[in-house]
Amino acid sequence: MKKLFNIGSLALLTSLFMASCGNSEQSNSSQVDHSAHTTETPAEAPATTSATTSTTSNTITVESNDQMQFNVNELHVKAGEPISLTLKHVGKMGKEVMGHNLIVLKAGADVAKFSEAALQAQETDYIPQSSDIVAHTDLIGGGEESKIEFTLDKPGTYDFICSFPGHASLMKGKIIAE
Ligand SMILES: [Cu+2]
């Protein structure tokens, strides 16, 4: 009994020793990982996933993110008065991979056709030569913003999109001018 116990504990000690030896570097780095993890904030806040409707205002801020989303999909403005719109990119990714812009199209514009044309306009940051454009921001990357001013003369519904390839299916909305 006693001998068995000794052998057992020796084996245990040996394996513990070997494990601690072999993993000494790993356990150090996992300690670092752990402390980093505790200070980490959740990657995806639920608030950013649901698009919201704004109240009527001609001073607008629209946020875009690394999840290919605008934070609003319906904007209400007053027709015939200057609109100041700021697009912010609250993500971290560069404009080459997760670039965003906001293009306001004329009422009744064919959004699908416009998006198609935008794909061919890489040299101009995916902003095609088109009479359907009312106004557009610059193409921006994480941490950047672009401000534009324009007026929607007539009451109506105006589509807006991000024309970066593949984004318009998710990044779209309507400006309702009253
Ligand atoms: Cu985009």
Side-chain angles (χ1 to χ4, degrees), residues 39-178:
T39 55
E40 203 179 318
T41 50
E44 272 178 272
T48 60
T49 57
S50 63
T52 53
T53 302
S54 76
T55 52
T56 303
S57 170
N58 280 29
T59 303
I60 302 162
T61 300
V62 176
E63 290 183 359
S64 55
N65 62 23
D66 285 343
Q67 283 77 45
M68 217 200 290
Q69 294 165 327
F70 284 132
N71 69 332
V72 289
N73 58 16
E74 197 174 300
L75 297 163
H76 292 262
V77 300
K78 278 189 179 155
E81 292 178 21
I83 296 163
S84 170
L85 187 153
T86 304
L87 175 68
K88 287 186 178 175
H89 192 317
V90 299
K92 290 189 169 73
M93 295 168 81
K95 75 172 187 177
E96 298 79 16
V97 288
M98 189 52 75
H100 299 311
N101 60 24
L102 193 155
I103 302 181
V104 182
L105 299 174
K106 282 184 181 165
D110 187 332
V111 180
K113 203 173 169 183
F114 181 87
S115 303
E116 196 90 338
L119 287 175
Q120 312 300 321
Q122 190 171 5
E123 303 84 39
T124 50
D125 282 347
Y126 306 106
I127 294 156
Q129 285 282 331
S130 171
S131 57
D132 283 338
I133 297 174
V134 174
H136 68 82
T137 68
D138 291 334
L139 186 72
I140 57 172
E144 297 178 326
E145 62 179 66
S146 175
K147 185 178 179 179
I148 52 170
E149 288 182 7
F150 61 100
T151 302
L152 297 174
D153 293 324
K154 292 177 187 163
T157 301
Y158 300 78
D159 286 295
F160 69 85
I161 63 162
C162 169
S163 71
F164 193 87
H167 287 199
S169 56
L170 278 174
M171 302 186 73
K172 62 183 176 185
K174 291 182 187 306
I175 300 179
I176 295 154
E178 287 142 355

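Start at 1 and go down the list; that is how both ligands and their atoms are numbered. Remember, it's a predicted structure, so these values are computed and weren't measured experimentally.
How far CD1 of Ile161 is from CD1 of Ile103: 5.5 Å, rounded to the nearest 0.5 Å.
By the 4.0 Å N-to-carboxylate-O rule, Lys113 lies too far from Asp132 to be salt-bridged with it.
Partner Tyr158 forms a side chain to side chain contact (heavy atoms under 4.5 Å, CB included) with one of Val77, Leu105, Val104 and no other, that one being Val104.
Looking at His167 and the Cu ion (ligand 1) together, the shortest N, O or S contact belongs to ND1. Nearest N, O or S atom of His100 to the Cu ion (ligand 1): atom ND1.
Within 6.0 Å of atom CD in Glu81, more than 12 heavy atoms from other residues, nucleotides or ligands are found, so the atom counts as buried in its surroundings.
Vertex the Cu ion (ligand 1); arms to Met171 SD and Cys162 SG; angle rounded to 10 degrees, 110°.
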